[in-house]
S.K.: 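Take a look at this one; I'll ask things after.
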Amino acid sequence: MEKKEGYLQEEEQVVNPWEVSAKDGGKIDYDKLIDKFGCQRLDQSFVDRVQRLTSRPPHVFLRRGVFFAHRDLNEILDAYERGDKFYLYTGRGPSSEALHLGHLIPFMFTKYLQDAFKVPLVIQLTDDEKCMWKNLSVEESQRLARENAKDIIACGFDISKTFIFSDFDYVGGAFYKNMVKVAKCVTYNKAVPSFPSSFPHLFSGKDDLRCLIPCAIDQDPYFRMTRDVAPRIGYHKPALIESLFFPALQGETGKMSASDPNSAIYVTDSAKDIKNKVNKHAFTGGQESIEKHRQYGANLEVDIPIKYLNFFLEDDAELEHIKKEYGAGRMLTGEVKKRLIEVLTELVERHRRARAAVTDEMVDAFMAVRPLPNMFD
Amino acid sequence: MGYSKDQLLARLKELQIDFSQYEHPVVLNVEAQAKYVGNMGGALSKNLFLKDKKHRYYIVSALADTKVDMKVLSQRLGLGKGGLRMAPEEALGEILQVPLGCVTPFAVVNESASHVSLLLDKGLKTQECCFFHPLSNDMSISVNVQGLDKFLKSIGRDPSYIDLEANPLVGKDQPPDLAVLVPSGSTVLPDFPEKAPSLQDSTGNVSAGNNSASAKAVKPSVNVQNVKKKSVDGQRPSIPSADAGKFVEELLDRASALLLSEISEDSIKQHGGLLGAEVANNFRKCLTEDLKNLATIFKNTAYTEGFYAGTHYQTKRP
């Protein structure tokens, strides 16, 4: 009995690809997570190195520690310095049509990586998995995959360097051979896109090509399995660059959820929706009354608008100023929310404009099995 | 512009589809039609032209006495409870190119209706033959379901018959069973007020210019309809197409807007002769990402045009 209790006490926070929850309504302890998973912290020296290698300012997600952990990123960068390129791999399980900002984050960062390092990208849409686990029809999963592809394309990927594929369309041939080689359960096909030979139309003859996978930290266990298998079949282990969770509007007790529309800002939200959601549902660290607020200042640790601005407000100086004034109580919650609403509205509008330019023909072109002769230019 | 009754009848004859035709005075509804052909042996059909909130259109063609519950249908299509309503009169002319009271499954023969989803009542299959208007309300033709199918297949349509009276549960774990019938090809234009300077047209369906005559290709006329609607509402997104002129206009619009905001009496006083350098700096800071995004869209659109033209790629749309 006692032993059991002791064991239960240890398991305080739960993070795995299927479930995320913090201990008792508190916040996720990322240091503990890095420890437990065994990946590395992404420190400032890495960020500086990326800046040097790419000759451009590092992405806001790197500057703010949104992408904060990695595996083997140093190897990728070492190889890159020697002139050995790599390719990017990321993906999405198209279970619903509605994408929220949390979904966009890995794609936004991957686009930056593609531009900065000038490398190709493969994007996997696991429509077969969603068909099975979410009991959707094959047609519905394929339809959702294409709809999601449009939002993904709207993030600004370069068509001459990007291959998007859906499992239903692409599994077969070289890809399937690798799946069998991996010799795990056949439906586990997240490992396979990290092997360059899975894409003979892109990487034929380049078995030595490394792979970098931007993902949220809860995907780490999945890819740990892949990294185990890779050397056994003669490939480099894929490298990972991992992000924090994007907190739900109501607070950092977990991830955003597709089943609660008020927990997230969706790319289909109107300016009015965004305003309402932030004003009514965002969990703030402001005090209960203006007097108290002026006296004690805001609790930045739990304030959602500040956290969101941390992700999306590009101007470092402005963010610092807001944090300082809000933390000291000189700026009120309403002002911070107002700025956040502006930033999010601009982001969502830009995304929608880009998405409106994505035609079915463009999706077809992105998804066509075709060579990408300029993928490293 | 649209198919005429005679052209349709000729087409049916070409395809060797059996039909009987009955002329009568113009009728605007099923009751009136019944007066003339109600006892002629074929079943009467009722035909609804519907639209959803995202400007997608549907023809529902059913037996006259099949109960069609719009709320249920809306849910089954995944549009929520109140997502479907009768399409406005103008849409009949613009999209189906038929007069009032003349909605008919045959209307999908028109290019302008290629994106309209056709929902057929499985009850039609139980009848020996059914009456429809052949694009004009002064005639009714009776065909059997096989004939209708043959016609639809000849224009690249896959006829889908559904149980319109069914009311299956739609919820978190039960996806809408008819969602696959929602048209996916049309550009969904966002409806938010446009702050940035907007272009005069273009829905982004640039490939419309390069289309080869494939039945499933994107139809320019439908998108023109959408744009017309949007301009009436005063809301239109600005989408640079692979049109170099429009692209440059969009870039210059943004640059001018920024320039105008940067040069004011105050900023001139503040920077004097160095205002030029200051503005140039701000240009890079503020515009680089934005313009790069526009350029990427332009590049992707141009690539897509070339790709489509080069491969006449057969699309795999579900």
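Since the model is a prediction, treat every value here as computed from it, not as a measurement. Hydrogens, waters and symmetry mates play no part in the numbers below; they use all other heavy atoms, side chains included. Lettering follows sequence order; numbering is per chain, from 1.
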S.K.: Calculate, to the nearest 0.5 Å, the distance between atoms OH and CZ belonging to B/Y303 and A/F366 respectively.
M.R.: 8.5 Å

S.K.: Show the nearest heavy-atom pair for residues A/G156 and B/T296, with the distance to one decimal.
M.R.: O-CG2, 3.4 Å

S.K.: Please flag which part of A/T268 lies under 4.5 Å from any non-hydrogen atom of chain B: side chain, backbone, both or neither.
M.R.: neither

S.K.: Which answer fits B/D290, side chain, backbone, both or neither, if we ask what part of it has an atom under 4.5 Å from a heavy atom of chain A?
M.R.: side chain

S.K.: Hey, are the side chains of A/K111 and B/N293 touching, using non-hydrogen atoms and a 4.5 Å cut-off?
M.R.: yes

S.K.: For atom NZ of B/K292, is the number of surrounding heavy atoms from other residues, nucleotides or ligands below 6.0 Å larger than 12?
M.R.: yes

S.K.: Partners of B/D149 by salt bridge (charged side-chain N to carboxylate O under 4.0 Å, His left out), sequence neighbours excluded?
M.R.: none

S.K.: So, taking the atom named CD in B/E305 and the one named OG1 in A/T359, what distance separates them when rounded to the nearest 0.5 Å?
M.R.: 9.0 Å

S.K.: Identify, with sequence neighbours excluded, every residue that meets side-chain hydrogen bond (donor to acceptor under 3.5 Å, both in side chains) alongside A/K277.
M.R.: A/D269

S.K.: Might you confirm whether atom CZ of A/R56 has over 12 heavy atoms from other residues, nucleotides or ligands at distances under 6.0 Å?
M.R.: yes

S.K.: Quick one: closest heavy-atom pair of A/A365 and B/T304, and the distance?
M.R.: CB-OG1, 4.2 Å

S.K.: Please check this pair: side chain of B/N300 against backbone of A/F157, looking for a donor-acceptor N/O pair closer than 3.5 Å.
M.R.: yes

S.K.: Between chain B and each of A/R350, A/E140, A/R370, count heavy-atom pairs under 4.5 Å; write down the option with the most.
M.R.: A/R370

